[in-house]
Structure formats: C-alpha cells, structure tokens
> 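Next up is a structure, given as structure tokens.
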2 protein chains.
Amino acid sequence: MDATRSRPEDGPGSAFLLAALGAYAAGRFTERIAALDLTPPQTGLLRIVAANPGQSQQALAGRLGTPPSRLVALIDSLADRGLLERRRNPDDRRLHALYVTPAGERLLHRVAQVGRAHDDAIFGSLTTDERGTLRALLARVADAHGLTPGVHPGFRRL
Amino acid sequence: MDATRSRPEDGPGSAFLLAALGAYAAGRFTERIAALDLTPPQTGLLRIVAANPGQSQQALAGRLGTPPSRLVALIDSLADRGLLERRRNPDDRRLHALYVTPAGERLLHRVAQVGRAHDDAIFGSLTTDERGTLRALLARVADAHGLTPGVHPGFRRL
DNA sequence: TATTGTTATACTCTATAACTATA
DNA sequence: TATAGTTATAGAGTATAACAATA
C-alpha cells in the first residue's frame with residue numbers, strides 16, 4: 001500500500017514470534033500435565049523444591065518472585081496429595097522446611113517423561129541439528145537477560 | 001546422584017526454555033507499550049483490526065478465539081480514545097464494522113517503533129546472521145503447528 | 001425464530017495487608 | 001520488636017448465560 005515507508009507493516013517482529021510460540025508451547029504443556037492432575041504453578045513448585053530441598057517458604061517465595069502468601073495454598077494442594085512435605089525446624093519452629101516426598105519424586109519422573117514427549121511434539125519439524133542450534137541460541141538469549149534456568153518468569157502470573 | 005538413569009533430572013527441555021523466554025519477552029513488551037497507555041490485548045486488537053478492516057465483532061471474536069462478550073469492553077476502551085471506530089452497516093443494522101481511525105494508525109506506527117526497539121533489546125546478544133537463523137527456525141516451528149501469524153495464542157487468556 | 005452485540009452474574013486468580021505463633 | 005507462615009479482603013480479568021435490538 002505504501003512503498004515509500006521503510007518497513008510499512010511487515011508484520012510483528014521476532015520477539016513477538018517468540019512470545020507467541022512460547023505461549024503456544026506453554027498451553028500445550030498445560031494440557032499434557034493436566035493428565036497428571038497438575039497445573040503449571042504446581043509443577044514449577046514441585047520442581048524447584050526438588051532442586052532445592054529444605055528451603056523455607058520465604059526463601060522459596062524470594063526465589064520465585066512471588067508473595068509468600070501465594071505459596072500457602074499452592075503448597076497445601078501438593079501436601080494434601082502427599083507429594084510435598086512441610087517439616088518444622090526444631091531450632092526455630094517458625095520455619096517450614098519443604099521436601100518432595102517419594103511419591104512426589106515418582107510424579108516428577110512422569111513429568112519429565114511428559115516434558116520429553118512435549119519437546120518432541122513441539123520441535124518435531126526440525127532435524128536434530130536444528131534443534132541443537134535453536135536451543136543454543138535460545139539459551140544464549142536467556143543467559144544474556146539473566147533468566148534463572150528452570151524458573152518460568154511468568155510464575156508470578158500463571 | 002543417580003548415574004544409572006538415562007537422563008536423571010538434566011533440567012527442563014527446550015520447550016520449557018522457549019516458553020520461559022517467550023513469557024519474559026512478553027513481559028518486557030508489556031512494560032514498553034504501557035508507555036503508550038496500551039495493554040497487550042488492546043495492542044493485539046488494534047493490530048488485527050488494522051489488518052482486517054470492516055470486520056464484525058463476531059468475526060473478530062472467531063478469529064481471535066475469544067468470546068464476543070469479551071471484545072465489548074476492549075473495543076470500548078479503544079473507541080473511547082478515538083483509536084477505533086464502530087460503524088453500523090445500513091443493510092444489516094445488527095452488525096458493527098470495525099475500523100482503525102487515523103489516530104489509531106498513528107499510534108500503531110509508534111507501536112511498530114517500540115516493537116523494533118524491543119526486538120533489538122531481546123536479541124541484542126546475537127549477530128545479524130544468528131537472528132536470521134533463529135527467526136527462520138521459530139517460523140518453521142510456528143508454521144508446523146498452524147499458528148496464525150500475528151495472532152498471539154494467549155489472547156484468550158491475556 | 002435466529003443472530004449481533006451487550007449486560008449481568010459468578011468464578012478464578014492474585015496481591016495487599018491484617019493476624020498468629022514463635023523468636 | 002521482629003520474623004515465618006497464614007488468613008481475610010478486595011481487585012482484576014474472564015467465561016457463561018441472559019437480554020435487547022434487528023433481521
């Protein structure tokens with residue numbers, strides 16, 4: 001319509017594509033783990049507790065960038081199912097150290113299986129080499145922005 | 001800890017990295033367009049109306065995968081600012097054809113500028129060639145899954 | 001009777017801040 | 001008094017379904 005402008009409406013940029021594809025992948029993953037009766041926040045919490053056992057709820061909230069009050073119901077939902085455990089610290093009975101139970105560990109193994117199937121579904125149209133290239137580029141971008149590996153920035157709003 | 005297992009907890013997969021990075025990029029973009037007094041849904045709506053002028057709200061809702069009722073307040077917020085316009089169809093007075101006003105077009109140009117700055121900020125750590133490679137790979141993955149270009153799949157939940 | 005857009009209602013999720021128990 | 005965790009309250013955003021206007 002307007003050839004005089006340098007880039008007249010040539011569509012959204014790469015960051016938009018990245019965001020759109022990321023949201024799509026997140027949506028599909030949400031569907032998959034629903035079969036395990038897990039939501040994304042529950043899954044993220046389970047994973048981070050497994051990676052950092054014995055942390056207090058405050059420490060966890062700080063790491064996740066979420067208010068501590070939000071964690072209460074989230075932990076409850078997992079503890080009620082015997083996947084997570086609160087243990088009081090005898091030295092300071094205010095603190096609740098968090099641990100994944102054996103049942104939680106077993107569920108995490110199934111989550112990992114789901115994650116691999118999910119990866120294959122998302123990147124099935126790429127060759128193994130291309131997947132490696134893509135992952136390396138994404139990892140570099142994530143690193144450049146200081147993203148904590150394994151922590152979803154949208155935890156605070158998912 | 002357990003070297004007998006094939007891939008014992010080697011961290012989240014590439015799809016998780018993609019989702020995390022996409023959410024990060026989306027968050028940063030949200031901050032940028034806040035300076036233009038726009039939210040992501042408003043921006044998406046403005047863009048899709050510009051790309052498909054004269055559509056009815058029902059048609060738009062179908063394209064976006066959102067209930068028509070949700071569009072009402074969204075359109076109101078843009079129409080009140082003179083960025084979007086409802087025009088009744090004289091042949092069928094139930095339909096409201098949607099158009100971007102000149103003021104809306106001007107704002108969209110500023111959104112495009114913001115988008116380019118955003119792209120540069122997100123991918124600043126990559127060379128021009130690497131950015132091209134990344135974009136091409138992302139575009140292929142998006143295409144393989146039938147994502148509508150320019151439409152954020154999370155529109156229905158943003 | 002069917003369809004477009006609108007409004008009303010209820011539900012989910014979240015952050016803020018008050019509260020309790022421990023220190 | 002200060003801190004860890006919890007509960008209470010209120011706000012934003014959403015989908016569902018009822019509604020009014022038009023066909």
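In the text below, chain A, chain B and the rest are named by the order of the sequence lines, each starting its count at 1. This is a predicted model, so every value here is computed, not measured.
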> Expressed in angstrom and rounded to an integer, what is the separation of B/Arg87 atom CZ from C/dG5 atom C1'?
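Answer to the nearest Å: 18 Å.
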> Is a donor on one side and an acceptor on the other found under 3.5 Å between the side chain of A/Asn89 and the backbone of A/Leu95?
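No, because the side chain of A/Asn89 does not come within donor-acceptor range (under 3.5 Å) of the backbone of A/Leu95.
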> Is the NZ or CZ atom of A/Arg86 positioned over A/Tyr99's six-membered ring, under 6.0 angstrom from the centre and within 45° of the axis?
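Checked: cation-pi criterion not met.
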> May I have the distance from A/Ile75 (atom CD1) to D/dT7 (atom C1'), rounded to whole angstrom?
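Distance check: A/Ile75 CD1 to D/dT7 C1' gives 15 Å.
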> Where does the angle between the aromatic ring planes of B/His118 and B/Phe29 fall among parallel (under 30°), tilted (30 to 60°) and perpendicular (over 60°)?
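Rings of B/His118 and B/Phe29: tilted, as their planes differ by 30° to 60°.
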> Can you work out whether B/Ala59 or A/Thr39 has the more 5'-proximal nearest nucleotide on DNA chain C?
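Residue closer to the 5' terminus by nearest nucleotide: B/Ala59.
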> If you find the nucleotide of DNA chain D closest to A/Leu95 and the one closest to A/Asp76, which residue's nucleotide is nearer the 5' end?
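The answer here is A/Leu95.
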> Summarise how protein sits on nucleotides 16-23 of chain D as a single string, 5' to 3': B when a protein heavy atom is under 4.0 Å from the base, S for sugar-phosphate-only contact, - for no contact.
BB----BS
> State whether the number of non-hydrogen atoms from other residues, nucleotides or ligands found under 6.0 Å of B/Arg110 atom CZ is greater than 12.
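No, because the 6.0 Å sphere around CZ of B/Arg110 holds 12 heavy atoms or fewer from other groups.
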> From CG of B/Leu60 over to C1' of C/dG5, roughly how many Å is that when rounded to an integer?
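For the pair B/Leu60 CG and C/dG5 C1', the rounded distance is 13 Å.
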> So what does B/Gln57 touch, heavy atoms closer than 4.0 Å: a base, only the sugar-phosphate, or nothing?
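Result for B/Gln57 = sugar-phosphate.
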> When you compare the side chains of A/Ser125 and B/Arg140, does any donor N or O come within less than 3.5 Å of an acceptor on the partner?
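Side-chain D/A pair, A/Ser125 to B/Arg140: absent.
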